[in-house]
There are 2 protein chains.
Amino acid sequence: MARKPIFKCAADPEADKLSETLKVISDSKRLRILCTLFSGEKCVCEIEAGLAISQPLASHHLGVLREAGLIKVRKEGTWSYYALDLDAIRRLNAAFKEYLGAERIPEDYPSNTTCCTPSGSARGIEKAKT
Amino acid sequence: MARKPIFKCAADPEADKLSETLKVISDSKRLRILCTLFSGEKCVCEIEAGLAISQPLASHHLGVLREAGLIKVRKEGTWSYYALDLDAIRRLNAAFKEYLGAERIPEDYPSNTTCCTPSGSARGIEKAKT
DNA sequence: TACTTATATAAACCATTGTTAATATAATAT
DNA sequence: ATATTATATTAACAATGGTTTATATAAGTA
């Protein structure tokens, strides 16, 4: 029936940003490219050979990662050298930790809070058990 | 032209698993549900109201999260109480750290390694600059 | 029994996206 | 200039997936 959201995370626009970034890295090829770039700068032909994918496909995925700001390019002649954008990687780490970090798990999880009132209507997160 | 992969991460089947999980959590609604469940067990009607989405949609996303093993259900009468699967959350944290953890960034990144031989063919990651 | 209530499932629709094949650009070498 | 090399771009296609509407299940209540 769609009322207004009552959870903190539900209203947080940061969640959209994080999910957008996660969507970019949730492709297995792109995840592998990122993982690979930790070892240093790479050109397209190396990604291509390293992941055993075609040149246009490598170029495409690198473009998506770049568009998302996760990597950056350095051009030299006909070569394009791609590397991680360290600030973006650090921001991603921070956001992931904030939303899904295992440190967030409470000691007594799940703290047995009930959910719905006897009448059946959903209660707000702040409302205690009746 | 697609040769065989030469990067470690490129051959690692764990990358497929992680990307699969990331795909599940990269939906903004599901990310918000997970984030919400850190505060404790919730029933469908609470998720529904908390995120301001329809009942079938809430049920659907919870099903996807459950299918992925990230959350678990406890049924009581007509109610379904969902909670985080703590082991899964911890595994996700570990995998994320292993693949994209900021700790992986080398001191001198990017260590200026060249990429392609003068002849233009890609070199393996272990092969040094000519 | 009949009537809610909470949740799950199914079908249909629409938008997005990964992939391939073909082509374009632009720098370098002959 | 011509050819080759590295990379980017485009169009087309197939597949996936989020959302809605409608319906089903199943437990409680009158």
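Protein chains get the first letters and strands the later ones, always in sequence-line order, with residue 1 at the start of each.
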OP1 or OP2 of C:dA6 less than 4.0 angstrom from a side-chain nitrogen or oxygen of B:Thr78, does that happen here? no
For the base of C:dA6, is there a side-chain donor-acceptor partner from B:Gln55 under 3.5 Å away? no
Sequence neighbours left out, what passes side chain to side chain contact (heavy atoms under 4.5 Å, CB included) with B:Ala95? Give chain and number order. B:Leu18
Would you say a side-chain N or O of A:Tyr82 is under 4.0 Å from OP1 or OP2 of D:dA8? yes
Looking at every non-hydrogen atom in both residues, tell me the closest pair between B:Thr21 and B:Leu92 and how far apart they are. CG2-CD1, 3.9 Å
What is the per-nucleotide protein-contact pattern of nucleotides 13-20 of chain C, from the 5' end, where B denotes a base atom under 4.0 Å from a protein heavy atom, S denotes such proximity for sugar-phosphate atoms only, and - denotes neither? -----SBS
With a cut-off of 3.5 Å and sequence neighbours excluded, list every side-chain donor-acceptor pair involving residues 98-106 of chain A.
unit_1	atom_1	unit_2	atom_2	d
A:Tyr99	OH	A:Asp12	OD2	2.5
A:Tyr99	OH	A:Ala15	N	3.2
A:Arg104	NH1	A:Tyr99	O	2.9
A:Arg104	NH2	B:Cys35	O	3.3

Residues in side chain to side chain contact (heavy atoms under 4.5 Å, CB included) contact with B:Val64, at least two apart in sequence or another chain: B:Val24, B:Arg30, B:His60
Length of the line joining A:Arg74:CZ and C:dA27:P, which is rounded to integer Å: 16 Å
Does A:Ser80 make a side-chain N or O approach to OP1 or OP2 of D:dA8 shorter than 4.0 Å? yes
Just how far, in rounded Å, is P of C:dT7 from NZ of B:Lys42? 13 Å
For B:Ser19, side chain to side chain contact (heavy atoms under 4.5 Å, CB included) partners two or more places apart: A:Ser28, A:Leu31
Roughly how many Å is it from CD in B:Glu76 to C1' in D:dA26, rounded to a whole number? 15 Å
From NZ of A:Lys75 across to P of D:dA6 the rounded distance in Å is 15 Å
Spacing between A:Leu65 atom CG and D:dA8 atom C1', to the nearest angstrom: 15 Å
Give every residue pair that meets the salt bridge (charged side-chain N to carboxylate O under 4.0 Å, His left out) criterion with at least one member in residues 79-88 of chain A, sequence neighbours excluded. A:Asp87-A:Arg90
